[in-house]
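Every chain is numbered from 1, with letters handed out A, B, ... down the list of sequences. Hydrogens, waters and symmetry mates are skipped; everything else that's a heavy atom, side chains included, is used.
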Amino acid sequence: MSVLDIVATAMIAMGLFFFLGGAIGILRFPDFYSRLHPAGKLDTMGQFAAMIGMAIYLLNDLSLGSVLTALKILLIVVFVFITSPTATHAIVDAGVRAGLAPWTKESREGRR
Amino acid sequence: MANTKPDNTVDYQAFSPFKPFEPPTPPEKSPLPYVFTFCVCMITWLVLSGKFDFFHIALGIVSSAIVTATSGDMLLKARRIAGLPGAWLRFIAYVPWLLFEIFRANMHVMRLVFHPRMMDLIDPRMIRFQTRLDNEMARFIFANSITLTPGTITVYVSILGKYTVHAIDRASGQGLPGEMEDRVGAIVGE
Amino acid sequence: MQSIFLYAGVFLACIMVLSLYRAVFGPTVLDRLIGVNAIGSKTTTLLILIGLIYERVDMFVDIALAYATLNFIAVLAASRYFQKKKGLYDEAEGR
């Protein structure tokens, strides 16, 4: 294994770790608004790390084709970084307009 | 020189319901947005196609020209393009700081997610504040930066610059609108 | 290196099953939307991993880009559609 392979493996492992955190966060958090925090952003970070790792792995052989493929992966990363806040905002906006009340500590203690 | 309002700010009083609606003055015609759109289309084409023979490049030029002719003024308005190279450089300098901030805040949310007593740690709340950014683009970048930084989601931005932000706990909402607003403001040169 | 990608893909698929729970049993419609969005963003990564396993990344990266676009548009369209609907909260209280 070359140095690039090790770096790529570390990046992919970090991305998977963030993905795992996102999935568990979606399951554990109490309401819709707080679930958006892991869903919208830990996933974005995981995608960023994993895709950068795969792009680094592709740079093992420096031919034009693999460099172009790495550039395409970078394009996906940029695209995700632009669209992910927009999608998160669209979901949160739908929730606000439908009148979902955010979960707060006071509401939980009041329910007890 | 009494009225030294820079012409890249939108006069929101023009949209008041108490006045008849007046369309904003059209920006002066300039070829720069078209050239910029053409270059962006062409670079995207080259990266996506990956073939550099005459036929494919000619196809790309024709397609980019069609897109530029129909929607060339959508990507950037002509009046915004004046300080563009400097703004782009400052934006590129802003990105690493944003990435570092995203990473730091991601770690914070990861700690919350895997914490066994997570329910006691989180304290979701809505925060409202007024920004001092005047530029539409700066407000857009600021809102997206808030959403990308974990722990905070921009819920709503009013046309006068009132931000409504949902924060997951007390600590993530505390820094708003602090250093990030200053840095975004520095991009557009305010 | 191939086996690393293979195990990463299998792990990613297991995480997708976790997200599927929220998409199926989520109390409100918007919770399901979050689950679907999370699955979509993982699928984008999984597609490139599959491309690396089969050594055809140049082909799969285009599919991943198209899937990312499609995921974004689907989430936008669904949230625009549901924001007009009242009663998203009734479903949660009915359970």
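Between C/T44 and A/M51 there is a side-chain heavy-atom pair separated by less than 4.5 Å. At least one side-chain heavy atom of A/I76 sits under 4.5 Å from a side-chain heavy atom of C/I48. Residues A/F19 and C/T45 meet the side-chain proximity criterion, which asks for heavy atoms closer than 4.5 Å.
Of the listed residues (A/A23, A/G46, A/S66), the greatest number of heavy-atom pairs within a distance under 4.5 Å of chain C belongs to A/A23. Contact tally against chain C (heavy-atom pairs below 4.5 Å) for A/L16, A/I24, A/L68: the top residue is A/L16. Note: C/L52 leads C/N71, C/L33, C/I39, C/L52 in heavy-atom pairs under 4.5 Å with chain A.
The CD1 atom of A/I26 sits 13.0 Å away from the OH atom of C/Y21 when rounded to the nearest 0.5 Å. Expressed to the nearest 0.5 Å, how far CG of A/D93 lies from OG of C/S79 amounts to 8.0 Å. A distance of 13.5 Å separates CG in C/D31 from CZ in A/F29, rounded to the nearest 0.5 Å. Taking CD1 of A/I91 as the start and CG of C/N37 as the end, the distance is 5.0 Å to the nearest 0.5 Å.
Using a 4.5 Å cut-off between heavy atoms, A/L58 contacts chain C through its side chain alone, with no backbone atom that close. For C/L18, the parts sitting under 4.5 Å from any heavy atom of chain A are the backbone and the side chain alike. Only the side chain of A/I12 comes within contact range of chain C, with heavy atoms under 4.5 Å apart.
Between A/K72 and C/D58, no side-chain nitrogen of the basic residue sits less than 4.0 Å from a carboxylate oxygen of the acidic one, so the salt-bridge criterion is not met.
For a heavy-atom cut-off of 4.5 Å, chain A lies close to C/V61, C/D62, C/A64, C/L65, C/A68 in residues 61-68 of chain C. Contact annotation for residues 36-44 of chain A against chain C (heavy-atom separation below 4.5 Å, listed by residue number): A/L36, A/A39, A/D43.
The six-membered or imidazole ring of A/Y57 lies near that of C/F5, with a centre-to-centre distance under 6.0 Å.
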side-chain contact (heavy atoms from CB on, under 4.5 Å) evaluation trace for C/L76 with A/T83:
CA-CA 10 Å; C/L76 270 196; A/T83 56; over 6 Å; no

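Formation of a donor-acceptor pair under 3.5 Å by the A/Q47 side chain with backbone atoms of C/S41 is found in this model.
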